[in-house]
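Reading through the structure tokens given below for one structure.
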2 protein chains.
Amino acid sequence: MPTMSSLTIGALAKRTGVKIPTIRYYESIGLLPEAPRTGSNRRSYDDGAVNRLRFIRHARELGFEVEAIRQLLTMADDPGRPCREADRLARTHLAEIESRIARLEALRDEVRRMVEGCAQDQVRSCHVIEVLADHAHCLHDRH
Amino acid sequence: MPTMSSLTIGALAKRTGVKIPTIRYYESIGLLPEAPRTGSNRRSYDDGAVNRLRFIRHARELGFEVEAIRQLLTMADDPGRPCREADRLARTHLAEIESRIARLEALRDEVRRMVEGCAQDQVRSCHVIEVLADHAHCLHDRH
DNA sequence: CTAGATCCTCCAGCGACTGGAGGATCAAGA
DNA sequence: TCTTGATCCTCCAGTCGCTGGAGGATCTAG
């Protein structure tokens, strides 16, 4: 039962998997509130900070940008409000992910074609170089 | 027949779709050779530069990092050498792309689940916020 | 001749960290 | 009690691949 525990920044880092400089960075940009200090000026954290940092980390891992996370945190801090905003944010993000996947798949096909065409012989006849040198070899126009 | 044309940096930018500061940046990091200058100190380019810059742009769009492009350019400049290196580079890159796609797909599923679970009601019961706050809601451990 | 477009260099900033220098403080063992 | 090593602090600079602005020179068209 970790209830009235007070953590150093190092302990917080270990618990959340977020590096120490990154925690300080989050504080500096206002994603984390300024941590209260001990007599010797060291930051001390409670379980609330652990949760907040985990939230941030998780959202970052899911690819949300810091600005989006800032908004999500504001919403999470105010549980009575309608969550349409959170939903919209997540949907926008989903669309972005889907478009990234599509572009990467086009890319993959291109590079695959490149690799498969290479006779492993000499640069003179290397499909990789050829494709890079001339966009006309590409199946896609998107890039 | 564009043969003995000499281009300003602006014209080169238009032809290749690469912005002027970016061209200068590529020169500064040695991806492009130092352009010869006119009497009034302006860079002037020939068709070789157009091709080289297109090569770079294309490779960047395919997601190659600048260091990889540097190597590819060295290879492209020396067509007699075996192309095993180019092939290896492209294969490494392919593997990276495939792993990125896989990770993004896991992500997409997660965010989709998040969005679909949202009752559009209040933050209190918002699946989006909930999922972000607690990784245990996730299907994947990878993140 | 003049106005506006284009060029030059230098420098600072983006996002999201990451790491090092140089110094203070803590916790544990001898 | 002393000392050693771990941990903390702040500040600053660097990463990557650009991007854009300031301030000034030069070109081109009318």
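Owing to the predicted nature of the structure, the values given are computational and were not obtained by experimental measurement. In what follows, every chain begins at residue 1, and chains take the letters A, B, ... in the order their sequences are listed.
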Starting at atom CZ of A:Arg24, determine the distance to atom C1' of C:dA16, rounded to an integer number of angstrom.
-> 16 Å
Side-chain contact check for A:Ile9: nearest option of D:dT19, D:dC8, C:dC7 is D:dC8
Between atom NZ in B:Lys19 and atom P in C:dC7, what is the gap in whole Å?
-> 15 Å
pair B:Arg37-B:Arg43: side-chain heavy atoms closer than 4.5 Å = yes
Answer yes or no: does a side-chain N or O of A:Thr22 lie under 4.0 Å from OP1 or OP2 of C:dT18?
-> yes
Close side-chain approach of A:Arg112 to B:Leu94, heavy-atom, < 4.5 Å = yes
Would you mind reading off the distance between A:Leu7 atom CG and D:dC8 atom C1', rounded to a whole angstrom?
-> 15 Å
I would like to know whether B:Met75 and B:Leu89 meet side-chain contact (heavy atoms from CB on, under 4.5 Å); could you show each step before the answer?
-> CA-CA 11 Å; B:Met75 290 186 272; B:Leu89 232 62; 4.1 Å; yes
For B:Tyr25 and C:dC10, give me the distance from atom OH to atom P, rounded to whole Å.
-> 17 Å
Specify the separation, in whole Å, of atom CD1 of A:Ile20 and atom P of C:dC17.
-> 16 Å
Here the distance between atom C1' of D:dC18 and atom CD of B:Glu61, to the nearest Å, is 14 Å
Of all the choices, C:dA16, C:dG19, D:dC8, which nucleotide is nearest to the side chain of A:Thr8 once you look at every atom?
-> D:dC8
Checking D:dG17, C:dC17, D:dT19 against the side chain of B:Glu65 (C-beta onward), the nearest is D:dG17
What's the closest nucleotide to the B:Pro21 side chain, out of C:dG19, D:dG20, D:dG17?
-> D:dG20
4.5 Å side-chain heavy-atom contact, A:Tyr45 and A:Arg15 = no
Would you jot down, in residue-number order, the residues of residues 31-44 of chain B having a non-hydrogen atom under 4.0 Å from DNA chain D?
-> B:Ser40, B:Arg42
Below 4.0 Å: OP1/OP2 of D:dC18 and any side-chain N or O of B:Tyr26 = yes
Salt bridge check: are B:Arg91 and B:Asp87 linked by an N-O gap of less than 4.0 Å?
-> yes
Any B:Arg60 side-chain nitrogen or oxygen under 4.0 Å from OP1 or OP2 of D:dC18 | yes
Is A:Glu67 salt-bridged to A:Arg70, going by a charged N under 4.0 Å from an acidic O?
-> yes
Rounded distance (Å) that lies between atom P of D:dC8 and atom CG of A:Leu12 | 10 Å
Taking the side chain as every heavy atom from C-beta outward, state whether B:Asn51 and B:Phe55 have any pair of such atoms under 4.5 Å apart.
-> no
d(CD1, B:Ile29; P, D:dC18) in whole Å | 7 Å
